[in-house]
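Below is one structure, written out as structure tokens; the observations come after it.
On a predicted model such as this, the values are computed, not experimentally measured, just so you know.
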Amino acid sequence: MTKLDDFLEGTATVAIGGHIRPDGDCVGSCLATYNYIKTYYPQITVDLYLEPIPNIFKFLSGAGEIVHDFSGTQTYDLFVVQDCGDMERLGGAAHFFETAKKTVCIDHHISNQSFADQNYIFPEASSTSELIFELIPGERLTKEIAECIYTGIVHDTGVFQYSCTSKKTMEAAGTLMELGIDYPRIIDETFYTKTYDQNRILGLALLKSRLHLDGKCISSVITASEMQEYHVLPKHLDGIVNQLRVTKDVEIAIFLYETDQGTFKVSTRSSKYVDVAAIAVKYGGGGHVRAAGFSVTGDSDAVIDMLLKDIAEQIK
């Protein structure tokens, strides 16, 4: 069976990176790998490159050591990319990946392009964090590593409610809990707790929402000016698309927010049968069968109309 140790064999310098706008699974899985190397391979120089992470994840061990400056020119023996489906989504860290002597990709996105030298990709896994759990020998799991992995699993499973959650996921969570982590606090403070401004923007998104396709689809759009008015950043919009999805009788939710003038980040979620990953790939994005996204330039109403046609094809 493959272990993380196999990838590290014969390396003196390692870089780790994840996708742009890192979420809980990206942060958790990357920090778990970083802490593992720091703990058990002190002879290896390891750097973790990520864009600034949400404040809710800064309690995780090693979070203060994440490198946000991608201007370095060093060449690494190994680059480990995690929770990232293609090199473009590595953002500023891509050049470290391109120059590394060896590259490994650990991911669970069905749209992953297997772009590394070695690819450990299992779309049926709940999260990349679950894959890291499998790659680390059980006797080498520490409380700090467990906190990182558990946080990642919690966020990509929606606290174990999404269809990606399996028996293996729950068994992994149980093992991590037995290591003494404060799992109620992790769930409450990183998943459920929202700031006042986050709740206000969620309320606005719900008020602006519209139903389509005989109530099977719901959509909402937040503009850049509204984000400014409500004092929120893109990272504060996490959870809105999931709240839209749980509307009674809705199969699929579409949420757009404006990143630049006329450019929107599109997030989609489905409940049972619509393959949103297939739709996202069509527009240059990716993700999972029940959760995917992409970016698009154009009028928001036109974008939604375009997506409704794709969704209608699957619903038929």
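- For H288 and H108, the ring centers sit closer than 6.0 Å to each other.
- Looking at T297 and T263, their side chains do bring a donor and an acceptor atom within 3.5 Å of each other.
- Between the side chain of E51 and the backbone N or O of I20 there is no donor-acceptor pair closer than 3.5 Å.
- D188 places no side-chain N or O within donor-acceptor distance of the main-chain N or O of R185, the cut-off being under 3.5 Å.
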_Candidate pair D23 and H155, rule side chain to side chain contact (heavy atoms under 4.5 Å, CB included), full reasoning_ = CA-CA 8 Å; D23 59 8; H155 279 260; over 6 Å; no
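- A salt bridge is absent between E251 and R245; no separation between the charged side-chain nitrogens and carboxylate oxygens falls under 4.0 Å.
- A side-chain donor from one of Y34 and E65 sits under 3.5 Å from a side-chain acceptor of the other.
- Nearest heavy atoms, G18 versus L50: N-CD2, 3.4 Å.
- Here the OG-CZ distance, from S267 to F255, works out to 7.0 Å after rounding to the nearest 0.5 Å.
- Between S219 and H212 there is a side-chain heavy-atom pair separated by less than 4.5 Å.
- The shortest side-chain heavy-atom distance between I44 and T11 falls under the 4.5 Å cut-off.
- In terms of heavy atoms, I201 sits closest to E226 at CD1-O, 4.1 Å.
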List, one per line, each side-chain donor-acceptor pair under 3.5 Å for residues 135-147, sequence neighbours excluded.
from: R140; atom 1: NH1; to: D5; atom 2: OD1; distance (Å): 3.3
from: R140; atom 1: NH1; to: Y36; atom 2: OH; distance (Å): 3.1
from: T142; atom 1: OG1; to: I145; atom 2: N; distance (Å): 3.1

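- Side-chain N or O atoms of H236 include one that pairs as donor or acceptor with a backbone N or O of L233 at under 3.5 Å.
- A salt bridge does not link E258 with K265: every distance from a Lys NZ or Arg NE/NH1/NH2 to an Asp or Glu carboxylate oxygen is 4.0 Å or more.
- A donor-acceptor pair shorter than 3.5 Å cannot be found between the side chains of Y40 and N35.
- A continuous path of ILVMFWY side-chain contacts below 4.5 Å connects Y183 to F59, so both sit in one hydrophobic cluster.
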*Would F96 and F79 count as a ring pair (Phe, Tyr, Trp, His ring centres under 6.0 Å) if you check the C-alpha gap in whole Å, the side-chain angles of each, and the deciding distance to 0.1 Å?*
CA-CA 7 Å; F96 295 120; F79 192 106; 7.2 Å; no
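- Hydrophobic clustering of Ile, Leu, Val, Met, Phe, Trp and Tyr side chains at less than 4.5 Å, counting indirect connections, unites Y283 with I304.
- Counting only heavy atoms from C-beta outward, the side chains of I279 and T268 never approach each other to under 4.5 Å.
- The closest donor-acceptor contact from the side chain of D47 to the backbone of V14 lies at 3.5 Å or more, if one exists at all.
- Without hydrogens or angle criteria, D86 side chain to E88 main chain gives a donor-acceptor distance under 3.5 Å.
- Here the rule is side-chain contact (heavy atoms from CB on, under 4.5 Å) with T151, and of I56, I186, L31, I187 only I186 fits it.
- The main-chain N or O of V46 is never found under 3.5 Å from a side-chain atom of K38 such that the two would form a donor-acceptor pair.
- The closest side-chain donor-acceptor pair between N242 and Y162 falls under 3.5 angstrom.
- Taking 4.5 Å as the limit, some side-chain heavy atom of E134 sits within range of a side-chain heavy atom of K168.
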_ring pair (Phe, Tyr, Trp, His ring centres under 6.0 Å) evaluation trace for Y76 with F97_ = CA-CA 8 Å; Y76 291 92; F97 178 90; over 10 Å; no
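- With hydrogens and angles ignored, the 3.5 Å screen pairs no side-chain donor or acceptor of R21 with any backbone N or O of K235.
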*asked:* For H95 and F70: C-alpha separation, side-chain torsions, deciding distance, then whether ring pair (Phe, Tyr, Trp, His ring centres under 6.0 Å) applies.
replied: CA-CA 9 Å; H95 71 97; F70 306 126; 8.0 Å; no
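- Residues V276 and I252 form a side-chain contact, since some pair of their non-hydrogen atoms from C-beta on lies under 4.5 Å apart.
- Remark: E9 CD is loosely packed, at most 12 non-hydrogen atoms of other residues, nucleotides or ligands lying under 6.0 Å away.
- Distance alone, capped at 3.5 Å, places no donor-acceptor pair between the Q243 side chain and the I240 backbone.
- Side-chain contact between I315 and L213 is present, with heavy atoms from C-beta onward closer than 4.5 Å.
- Between the side chains of T195 and D197, no donor-acceptor pair is found at a separation under 3.5 Å.
- With sequence neighbours excluded, the residues satisfying side chain to side chain donor-acceptor pair (under 3.5 Å) with E313 are K316.
- No side-chain heavy atom of V266 sits less than 4.5 Å from a side-chain heavy atom of Y257.
- Ionic pairing of K101 and D77 is present here: one or more N-O contacts between side-chain nitrogen and carboxylate oxygen are shorter than 4.0 angstrom.
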*asked:* Please determine whether side chain to side chain contact (heavy atoms under 4.5 Å, CB included) holds for the pair M87 and E98, giving the CA-CA distance in whole Å, both sets of side-chain angles, and the decisive distance to 0.1 Å.
replied: CA-CA 9 Å; M87 192 167 64; E98 292 178 299; 3.6 Å; yes
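- Counting heavy atoms from C-beta outward, Y150 and L179 have side chains that stay 4.5 Å or more apart.
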*For the pair L4 and T33, evaluate side chain to side chain contact (heavy atoms under 4.5 Å, CB included) and give the outcome as yes or no after the intermediate values.*
CA-CA 8 Å; L4 198 54; T33 301; 4.0 Å; yes
Return a table of donor-acceptor pairs under 3.5 angstrom between the side chains of residues 122-129 and protein atoms on other chains or two or more places apart.
from: S126; atom 1: OG; to: E130; atom 2: OE1; distance (Å): 2.5
from: S127; atom 1: OG; to: E130; atom 2: N; distance (Å): 3.1
from: T128; atom 1: OG1; to: D83; atom 2: OD1; distance (Å): 3.0
from: S129; atom 1: OG; to: D25; atom 2: OD1; distance (Å): 2.7
from: S129; atom 1: OG; to: S29; atom 2: N; distance (Å): 3.4

*Verdict with supporting geometry, V81 and I16, side chain to side chain contact (heavy atoms under 4.5 Å, CB included)*: CA-CA 6 Å; V81 55; I16 304 167; over 6 Å; no
